[in-house]
Amino acid sequence: SGTIQKLCQHFLYDDRCRVAAASFDFGTTVSTVSDRTIVVASVDGHIDGYYRAGKIVRDSDGESRAIISQLGTTLLIASPFRTLAGTNPVTLYAGCDHTHATCLAKFANLANFGGFPTMPTSNPFVTPIQLGGS
């Protein structure tokens, strides 16, 4: 049995989300690496945070890491790559915060949104509904 929540429950780019990863990827190269911080040559002009919750993939072998944050061309990743060097080609994939607004504005994918954005914030079985005036 599943649960319902306001946020989308799909994994970005999976069979239920149906966003095509190839529509939101960008190839670039590594400029510098320091543990979990990677600076890339370009982010294709995207705003800060565009790749947050996305991923970075090393093109040579497909090794990937989750992107925790993106400020300009600087990425903070979840854990360091085993080996990654400047000039290595990588592909960046846009991230998703699983909100209704992002699904609409960034991905134009509301038909596949897996959340319930109009779900009430209070539970009527815990906080009774009050009828009548003030």
- Run the numbers on Leu92 and Val57 for side-chain contact (heavy atoms from CB on, under 4.5 Å), then give the verdict. CA-CA 6 Å; Leu92 307 178; Val57 179; over 6 Å; no
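- No side-chain donor-acceptor contact under 3.5 Å links Arg52 to the backbone of Ile67.
- There is no path of hydrophobic side-chain contacts, each under 4.5 Å, that joins Phe26 to Leu76.
- Checking side-chain atoms of Thr74 against main-chain N and O of Val39 turns up no donor-acceptor pair under 3.5 Å.
- Between the side chain of Asp48 and the backbone N or O of Gly72, at least one donor-acceptor pair lies under 3.5 Å.
- The distance from atom CG of Leu12 to atom CZ of Phe24, rounded to the nearest 0.5 Å, is 8.5 Å.
- Under the 4.5 Å side-chain heavy-atom criterion for Ile, Leu, Val, Met, Phe, Trp and Tyr, Tyr93 and Leu84 are members of the same hydrophobic cluster.
- Residue-environment remark: CG (Asp15) stays at or below the threshold of 12 foreign heavy atoms within 6.0 Å.
- Among Phe116, Phe107, Phe113, the one residue that satisfies the ring pair (Phe, Tyr, Trp, His ring centres under 6.0 Å) test with His100 is Phe113.
- At distances below 3.5 Å, at least one donor-acceptor pair connects side-chain atoms of Thr99 with backbone N or O atoms of Thr102.
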- Query: Would Ile68 and Ile77 count as a side-chain contact (heavy atoms from CB on, under 4.5 Å) if you check the C-alpha gap in whole Å, the side-chain angles of each, and the deciding distance to 0.1 Å?
  - Reply: CA-CA 5 Å; Ile68 303 300; Ile77 59 174; 5.7 Å; no
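- Thr28 OG1 to Ile38 CD1: the interatomic distance, rounded to the nearest 0.5 Å, is 11.0 Å.
- For CZ of Arg18, the number of neighbouring non-hydrogen atoms (other residues, nucleotides, ligands) closer than 6.0 Å is 12 at most.
- Without hydrogens or angle criteria, Lys55 side chain to Gly95 main chain gives no donor-acceptor distance under 3.5 Å.
- Gln70 contributes a side-chain N or O that, together with a main-chain N or O of Tyr50, makes up a donor-acceptor pair within less than 3.5 Å.
- Looking at every heavy atom in both residues, Cys96 comes nearest to Ala53 through O-CB, 3.6 Å.
- Residues Pro80 and Arg36 share a closest heavy-atom pair of CD-CG, 3.7 Å.
- When every heavy atom of Val33 is checked against every heavy atom of Val30, the shortest pair comes out as CG2-CG1, 3.4 Å.
- The closest side-chain donor-acceptor pair between Arg65 and Ser79 falls under 3.5 angstrom.
- No side-chain donor from either of Asn88 and Ser60 sits under 3.5 Å from a side-chain acceptor of the other.
- Counting all heavy atoms, side chain and backbone alike, Asp44 lies closest to Tyr51 at CB-OH, 4.4 Å.
- Not a single donor-acceptor pair under 3.5 Å links the side chain of His98 to the backbone N or O of Gln9.
- In plain terms, the two heavy atoms of Lys106 and Ala94 that are nearest each other are CE-CB, 4.0 Å.
- No donor-acceptor distance shorter than 3.5 angstrom exists from the side chain of Asn112 to the backbone of Asn109, with no hydrogens or angles considered.
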- Query: Does the side-chain contact (heavy atoms from CB on, under 4.5 Å) test come out yes or no for Leu75 and Thr37, once each step is laid out?
  - Reply: CA-CA 6 Å; Leu75 310 173; Thr37 302; over 6 Å; no
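- Taking the centre and axis of the six-membered ring of Phe11, the NZ or CZ atom of Arg16 falls outside the cone set by 45° and 6.0 Å.
- Of all the heavy atoms in Phe81 and Glu63, the pair that sits closest is CE2-O, 3.4 Å.
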